S.K.: 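Can you keep this structure in mind? I'll have questions shortly.
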2 protein chains.
Amino acid sequence: MAEVTLREVALASGCSIATVSRVLAGTRPVGAETARTVRAAAERLGYRPNHVARALRSRTTGTVGLVLPQITNPFFPSLVRELEHALHAEGRAVLLADCDDDPVTEAARIGAFLGRQVDALLLIPVDERRSREAVAAAAARVPLVLLDRGCGPGVADSVAVDNAAGMALVLDHLAATGRRRPCFVGAAGTASAAVERRAAYEAGAAALDPAASGRVELGDFSVAWGRAAADRIWPSRPDALICANDLIAAGALQRLRQLGADVPGEVAVTGFDDIPLAGLADPALTTVRQPVGELAAEAARLLSRRPADADPASRRTVRLAPQLVVRGSSVPADVIAGS
Amino acid sequence: MAEVTLREVALASGCSIATVSRVLAGTRPVGAETARTVRAAAERLGYRPNHVARALRSRTTGTVGLVLPQITNPFFPSLVRELEHALHAEGRAVLLADCDDDPVTEAARIGAFLGRQVDALLLIPVDERRSREAVAAAAARVPLVLLDRGCGPGVADSVAVDNAAGMALVLDHLAATGRRRPCFVGAAGTASAAVERRAAYEAGAAALDPAASGRVELGDFSVAWGRAAADRIWPSRPDALICANDLIAAGALQRLRQLGADVPGEVAVTGFDDIPLAGLADPALTTVRQPVGELAAEAARLLSRRPADADPASRRTVRLAPQLVVRGSSVPADVIAGS
DNA sequence: GTGAAAGCGCTAACAC
DNA sequence: GTGTTAGCGCTTTCAC
């Protein structure tokens, strides 16, 4: 199984190695006749280009590092999928790193990828602050796009959903369906999703009820917190629980039903992200779908556009519009079926 | 940001490139004094080895390709996580491919990885039969380990859970808790998990009830099928629904409750895999946990052990023992709490 | 124990 | 349009 090299194809087709390279890589114009001969020889010998040699010479590996906090976070798999497809379509390969939600591990993985000469990095930072140093250092070396979460202003290009718009969609929907006593169940901390979604709730809820902006409970982005929050909040009888993500919503929904609450009759529950679990809950969760495919496409576009040494001042933040998905947790099933 | 190379470290430390290489790679014994000087110079200049150059010369990239059917399948993320950690611990990087459940895409991704000179492939085949050709071809070129699913006998080394043992755990548990009229809800097709789990049910169920082996309904590994199966089966009042995976079980459980069934009072429901959803269902699903960490460790071990041109006849299949996780869908909550 | 030299397979200048 | 000539940065003989 000795690998066929350019040299052997050149020998077989009677021209130089450089010409063969040009034909096969399409780098520069080549005579039609020669091209045909070369291609035939390459085909016949079963030539497969050696990407490592190519990378060494051309100083570009065609490889992108994808660094994420925890692949087991249910929102990430679909994002990974879209990114993999978008990048593969451009002939690039994806190196994957899972950071175990730890900034130290994250820094190590970033370093390992840089050592492997990735052309660019796609990164969902573990932490708004504690990831910043490693991210900034990496962004100085290769094009780097932040996804889904921010990492401080001006650190790198970033692509994320428009959290405020998503929250507004939810509030409009609840207002339109007659809810007047909403309550927000969010996450504490500085993560951009947590902060932005809460701020948008506070800004928009006053339209339903002057007191609504103050009804905010903060925990973390987990099912367990959703359950606990339901226990705390239900005695005050809100008519809508607006949760900062689907995990919280799933937990809240489950506990509300255990407490005997009628969902959506007495109380609506909404989530955010539209992870697979959202459609499986009972009743299924009304939620905000992130435009995962567009996020991936936009991230890929930013990566290829930015030259290696681009001006840091030109950093861009792209915000994409989310979509409201109405399901049974906010509206009776017959209404959905009838619409 | 000119990269520091061995040459510069050599110049700075007053010895040859070769010596520097030997010190930094630890390939061969080097004088203690020289080593110290070299290391200091490398440190001071901020030397970072270029993996691409190393790969070209040493013909090993330190890279493993991980090819899977669909990262959005909820069983895979935790497996990917464990594999990434196990491989990173050995200094290897993971190239990820998502095949969209399509054997043609799968073959393309395998080819792309081979072109990138991966040292080895870790592969969860899309299809028992339609993946075989590409897998066999790849296995002839690099060490290749099949994970979770088989791909025909003797095609490659493989690591998977012992499905029969898992099914036996479920049947023993149900028998011990007094169930006597079980029914199996599985998946049609030739996928090894589908076949092995069904066969194990048929072999073991007769101990509970001579007629049980015949009570088998086959669809696919989805929530929707679980719901449909519950509709079909509930009229015959089984006292246990043994599902081939957690998605089926989640669907069946949801529908059974909608039909007014008392779970676990009237009927127990069990799953397989222990995906995150299993713990979130209401009541939480009794299921069989795959030893994900061990699967990953064993796969990594097989990869590093097998020499490139190993004898095809020495192919190994490793089966790892699963673990029963008893939750509320098969046993009343107070029993679990009290145990 | 250390250095000199020869490439790994490919692409990029530079001539013609 | 095509060939010739240099390497990319590293590891690895082969001498000493």
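A note on names: the letters A, B, ... follow the listed sequences, proteins ahead of strands, and every chain is numbered from 1. Computed from a predicted structure; not experimentally measured.
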S.K.: Using a 6.0 Å cut-off, check whether atom CD of A/E90 has over 12 heavy atoms from anything other than its own residue.
M.R.: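 Count over threshold, so yes.
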S.K.: Could you check A/V23 against A/T34 for side chain to side chain contact (heavy atoms under 4.5 Å, CB included), going step by step and ending with a plain yes or no?
M.R.: CA-CA 8 Å; A/V23 171; A/T34 336; 5.6 Å; no
S.K.: Of the residues in residues 15-22 of chain B, which ones touch DNA chain D at a heavy-atom distance under 4.0 Å?
M.R.: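 The stretch gives B/I17, B/A18, B/S21, B/R22 as the residues lying under 4.0 Å from the strand, ordered by number.
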S.K.: Name all pairs fulfilling the side chain to side chain donor-acceptor pair (under 3.5 Å) condition that reach into residues 42-60 of chain B, sequence neighbours left out, sorted by first residue then second.
M.R.: B/T60-B/D119
S.K.: Can you tell me how far the CD atom of A/Q290 sits from the CD atom of A/E294, to the nearest 0.5 Å?
M.R.: 11.0 Å
S.K.: Start at the 5' end of DNA chain C and walk down; is the nucleotide closest to B/V30 or to A/R28 reached first?
M.R.: B/V30
S.K.: At less than 4.0 Å, is any side-chain N or O atom of A/R59 found next to OP1 or OP2 of D/dG9? Yes or no.
M.R.: yes
S.K.: Specify the angle, to 10°, made by the local axes at the two ends of the helix from C/dG1-D/dC16 to C/dC16-D/dG1 when five pairs are taken at each end.
M.R.: 30°
S.K.: Could you check which residues of residues 48-57 of chain A get a heavy atom under 4.0 Å from DNA chain D? Sort them by number, please.
M.R.: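 Nucleic-acid contacts, sorted: A/L56, A/R57.
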S.K.: Does a side-chain heavy-atom distance below 4.5 Å link B/L146 with B/L144?
M.R.: yes
S.K.: Can you list, pair by pair, the side-chain donor-acceptor contacts under 3.5 Å of residues 70-80 of chain A, counting residues two or more places apart and other chains?
M.R.:
from	atom 1	to	atom 2	distance (Å)
A/Q70	NE2	A/D101	OD2	3.3
A/N73	OD1	A/F75	N	2.9

S.K.: Round to a whole Å and report the spacing from CG of B/L6 to C1' of D/dT12.
M.R.: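 After rounding, the gap between these two atoms is 13 Å.
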S.K.: Dump the intermediate steps for side chain to side chain contact (heavy atoms under 4.5 Å, CB included) on B/V161 and B/L320, then the final yes or no.
M.R.: CA-CA 5 Å; B/V161 70; B/L320 297 175; 5.6 Å; no
S.K.: Can you name the one residue among A/L66, A/L147, A/V135 that meets side-chain contact (heavy atoms from CB on, under 4.5 Å) with A/L123?
M.R.: A/V135
S.K.: Under the side chain to side chain contact (heavy atoms under 4.5 Å, CB included) criterion, do A/D100 and A/D98 qualify, and how do the steps go?
M.R.: CA-CA 6 Å; A/D100 241 351; A/D98 176 297; 4.2 Å; yes
S.K.: Quick one, A/R141 with B/E3, criterion salt bridge (Lys or Arg N to Asp or Glu O under 4.0 Å). Give me CA distance, side-chain angles, the key distance, then yes/no.
M.R.: CA-CA 10 Å; A/R141 308 238 277 125; B/E3 288 303 308; 2.9 Å; yes
S.K.: Does any non-hydrogen side-chain atom of A/V94 lie less than 4.5 Å from one of A/L83?
M.R.: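 No. Closest side-chain heavy atoms not under 4.5 Å.
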S.K.: For the residue pair A/A138 and A/L121, what are the closest heavy atoms and their distance?
M.R.: CB-CD1, 3.9 Å
S.K.: Is any side-chain heavy atom of A/R116 closer than 4.5 Å to one of A/T61?
M.R.: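 Side chain of A/T61 against side chain of A/R116, heavy atoms only: no contact under 4.5 Å found.
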S.K.: What are the bounds, 5' to 3', of the part of DNA chain C that sits under 4.0 Å from heavy atoms of chain A?
M.R.: C/dG9 to C/dC14
